[in-house]
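Accompanying notes for the structure given below.
In listed order, ligands and their atoms are each counted from 1. Excluded from the calculations below are hydrogen atoms, water molecules and symmetry mates; all remaining heavy atoms, backbone and side chain alike, are included.
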Amino acid sequence: MSTNIVVPLPLDFESVTKLPNSHAWTLVTTDSDPAATPDTVPVVDLLCPNAASLVRHACETCGYVQVTNHGVPSDLISQAELQTGRLFSLPTQQKLRTVRSPNGLTGYGLARISPFFSKRMWSEGFTIAAGSQAEHARQLWPHDDDDHDHRDSFCNVMEMYQRGMMRLAEKMAGLMLGSLGITAAHEDIKWVKPKNGCSNNPQGVLQLNSYPVCPDPTKAMGLAPHSDSSLLTILHQSNGIGGLQVKEEGIGWVPVHPVNGALVVFVGDLMHILSNGRFNNVLHRAVVNETHHRVSLAYFYGPPMDVKISPLIDNHDHPPLYRPVTWQEYLDFKATHFNEALELIKNDVKVM
Ligand SMILES: C=C1C[C@]23C[C@H]1CC[C@H]2[C@@]12CCC[C@@](C)(C(=O)O1)[C@H]2[C@@H]3C(=O)O
Ligand SMILES: O=C(O)CCC(=O)C(=O)O
Ligand SMILES: [Fe+2]
């Protein structure tokens, strides 16, 4: 890693007692308006026989669903949350050894979308992809003795967590696409269920988010509004500490309260494209609070980086809304154009 490139860094939150101007946003209200409670909280038991149609309905309307009986052991989830808390509680200098390089994907730093906002977010993140935890763990805990145990437990837990998430993501992708009548037999999505030994595998990126206690949550933004650039994202948030909000058409920001034992699944931009706009890639954000340190673990699931994704349901009434795009191309668009990325790959629909 080059050391002479300037990367904006997260704040040393612990040393701050007053919200600095650099982090003071306007109009971030954390009060949840009682009127802003959704009619139905979309919670789906994956063992329920009509799970697929419930998931489809949630994806078409809210753009997210909380799933229970998802098959990921609850103690693995709490272990991963514990390791996440432990990582972020390391001294800043130690975390900075793994700082993400300007064009890099993995490591410690601000959210990738930070450059699109004039104010800084009240959060820090740590991104893991394709086994990167091993190298980062060596940088975080370089010594042999005690460090060795930290390194091992961090790596083991994160590896198992990613494996569990991949399995669930494949299940959810199958359920979502199946609910639209698209099966794994479809030529264009053969990668959803890759054969053993096949190199063209779906990819996962694990993002650990930390939202420290904040002196003035009404003016701070944990994670600014965005949609995810994945096919789908599986999110675990600290039990009992809210912060996630989704934007509901005609209502505004609505809190997504953590449901014990449930994982939140978001429709990502690529799933919106695949479904030819039927599934809602919902805008969401995270707000912060004055009393509790909150963490979240977001697992971004996508196709093999070089596979073209294009709308799979098109017919004369609904011509394809988008041009084919790979995940890699889409991430690049997102990095340069952020929320306009989808517009850029829209087909020009000619009105006759
Ligand atoms: C696979 C992904 C998905 C990324 C980019 C890349 C790695 C890091 C992800 C996040 C994590 C935090 C929110 C987000 C909006 C961000 O800033 O970085 C995400 C972004 C996206 O969904 O676009
Ligand atoms: O922390 C949260 O609740 C939201 C995280 C999120 O949206 C993300 O990492 O993409
Ligand atoms: Fe997100």
Side-chain angles (χ1 to χ4, degrees), residues 8 10 30 63-64 66 81 84 88 100-101 103-117 120-130 132 162 165 169 202-212 220-247 253-259 262-273 281-289 292-305 325-342:
T30 58
Y64 76 96
Q66 304 224 44
E81 181 179 330
T84 301
F88 286 113
R100 193 186 308 131
S101 61
N103 299 317
L105 181 69
T106 64
Y108 175 71
L110 295 170
R112 291 237 307 195
I113 56 174
S114 302
F116 295 97
F117 299 90
R120 289 286 161 77
M121 299 176 210
W122 195 262
S123 60
E124 36 182 350
F126 189 91
T127 317
I128 298 175
S132 66
Q162 289 174 86
M165 286 295 129
Q203 305 287 312
V205 175
L206 177 60
Q207 169 81 12
L208 314 177
N209 296 307
S210 157
Y211 307 93
M221 179 72 81
L223 190 56
H226 66 279
S227 60
D228 293 346
S229 326
S230 52
L231 272 170
L232 59 91
T233 304
I234 305 174
L235 182 87
H236 164 71
Q237 43 175 344
S238 302
N239 279 340
I241 312 172
L244 174 63
Q245 299 182 334
V246 291
K247 183 80 174 269
W253 291 106
V254 174
V256 180
H257 300 294
V259 170
L263 290 162
V264 180
V265 179
F266 282 109
V267 170
D269 296 340
L270 295 185
M271 188 63 86
H272 172 82
I273 296 172
N281 54 331
V282 64
L283 215 54
H284 53 280
R285 67 178 190 181
V287 295
V288 293
N289 73 81
H292 291 89
H293 178 209
R294 173 174 181 267
V295 299
S296 72
L297 288 75
Y299 184 78
F300 299 86
Y301 169 80
M305 282 293 172
V325 66
T326 66
W327 197 14
Q328 187 58 64
E329 288 163 350
Y330 191 71
L331 282 172
D332 294 345
F333 277 140
K334 222 25 204 260
T336 45
H337 295 87
F338 188 39
N339 280 349
E340 264 92 64
L342 259 184

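A side-chain N or O of D269 and one of S227 form a donor-acceptor pair less than 3.5 Å apart. Between the side chains of E124 and Y108, at least one donor-acceptor pair of N or O atoms lies under 3.5 Å.
Among protein heavy atoms, atom 9 (O) of ligand 2 sits closest to N209 ND2, 2.9 Å. For atom 10 (O) of ligand 2, the closest non-hydrogen atom on the protein side is H226 NE2, 3.1 Å. The closest protein non-hydrogen atom to atom 19 (C) of ligand 1 is F300 CZ, 3.8 Å. In terms of protein heavy atoms, atom 15 (C) of ligand 1 is closest to H226 CD2, 3.5 Å. L223 CD2, 3.7 Å is the protein heavy atom nearest to atom 8 (C) of ligand 2.
Using a 4.0 Å cut-off to heavy atoms of L105, the atoms of ligand 1 that qualify are 6 (C), 7 (C). Close contacts between ligand 1 and I113 involve ligand atoms 15 (C), 17 (O) [criterion: under 4.0 Å to a heavy atom]. Of all atoms in ligand 2, numbered sequentially from 1 with element shown, those under 4.0 Å from a heavy atom of H284 are 7 (O). For ligand 2, the atoms closer than 4.0 angstrom to any heavy atom of R294 are 1 (O), 2 (C), 3 (O). Here is the list of ligand 2 atoms found below 4.0 Å of a heavy atom in L235: 3 (O), 5 (C). Heavy-atom proximity to S229, at under 4.0 Å, picks out these atoms of ligand 1: 21 (C), 22 (O), 23 (O). Of all atoms in ligand 1, numbered sequentially from 1 with element shown, those under 4.0 Å from a heavy atom of W327 are 1 (C).
Of the protein's heavy atoms, at least one falls inside 4.0 Å of atom 7 (C) of ligand 1. Per-atom contact check: atom 4 (C) of ligand 1 does not touch the protein, criterion being a heavy-atom distance below 4.0 Å.
With values rounded to the nearest 0.5 angstrom, L208 atom CG is found 4.5 Å from T84 atom OG1. For the atom pair CZ of F300 and CD of Q207, the computed distance is 6.0 Å after rounding to the nearest 0.5 Å. The CG atom of L283 sits 6.0 Å away from atom NZ of K247, with the distance rounded to the nearest 0.5 Å. In this structure, CZ in F338 is found 7.5 Å from NE2 in H226, a value given to the nearest 0.5 Å. Taking CD1 from I128 and CG from L297, the interatomic distance works out to 8.5 Å, rounded to the nearest 0.5 Å. Between M165 atom CE and L235 atom CG the span is 9.5 Å, to the nearest 0.5 Å.
By heavy-atom distance, the residue among G222, S227, S296 lying nearest atom 2 (C) of ligand 2 is S296.
The shortest N or O to N or O distance between R112 and ligand 1 is under 3.5 Å. Distances between N or O atoms of S230 and those of ligand 1 include no value under 3.5 Å. Remark: ligand 1 and V205 share no N or O pair separated by less than 3.5 Å (distance only, no angle test). In terms of N/O distances under 3.5 Å, ligand 2 is approached by Y211.
For Y301, no heavy-atom contact with ligand 1 is shorter than 4.0 Å. Counting heavy atoms under 4.0 Å from ligand 1, residue T233 does not touch it at all.
For the Fe ion (ligand 3), the nearest N, O or S atom contributed by D228 is named OD1.
Ring orientation note: the planes of H284 and F266 are close to parallel, at an angle under 30° on the 30°/60° scale.
Seen from the Fe ion (ligand 3), atom NE2 on H226 and atom NE2 on H284 lie at an angle near 90° (rounded to 10 degrees).
Under a 3.5 Å cut-off, the side chain of R294 and the backbone N or O of V287 do not form any donor-acceptor pair. Counting only distance, with no hydrogens or angles, the side chain of Q203 and the backbone of W327 share no donor-acceptor pair below 3.5 Å. In this structure, the side chain of S123 does not engage the main chain of Y211 through any donor-acceptor pair within 3.5 Å.
Contact annotation: F300 has at least one heavy atom less than 4.0 Å from an atom of ligand 2.
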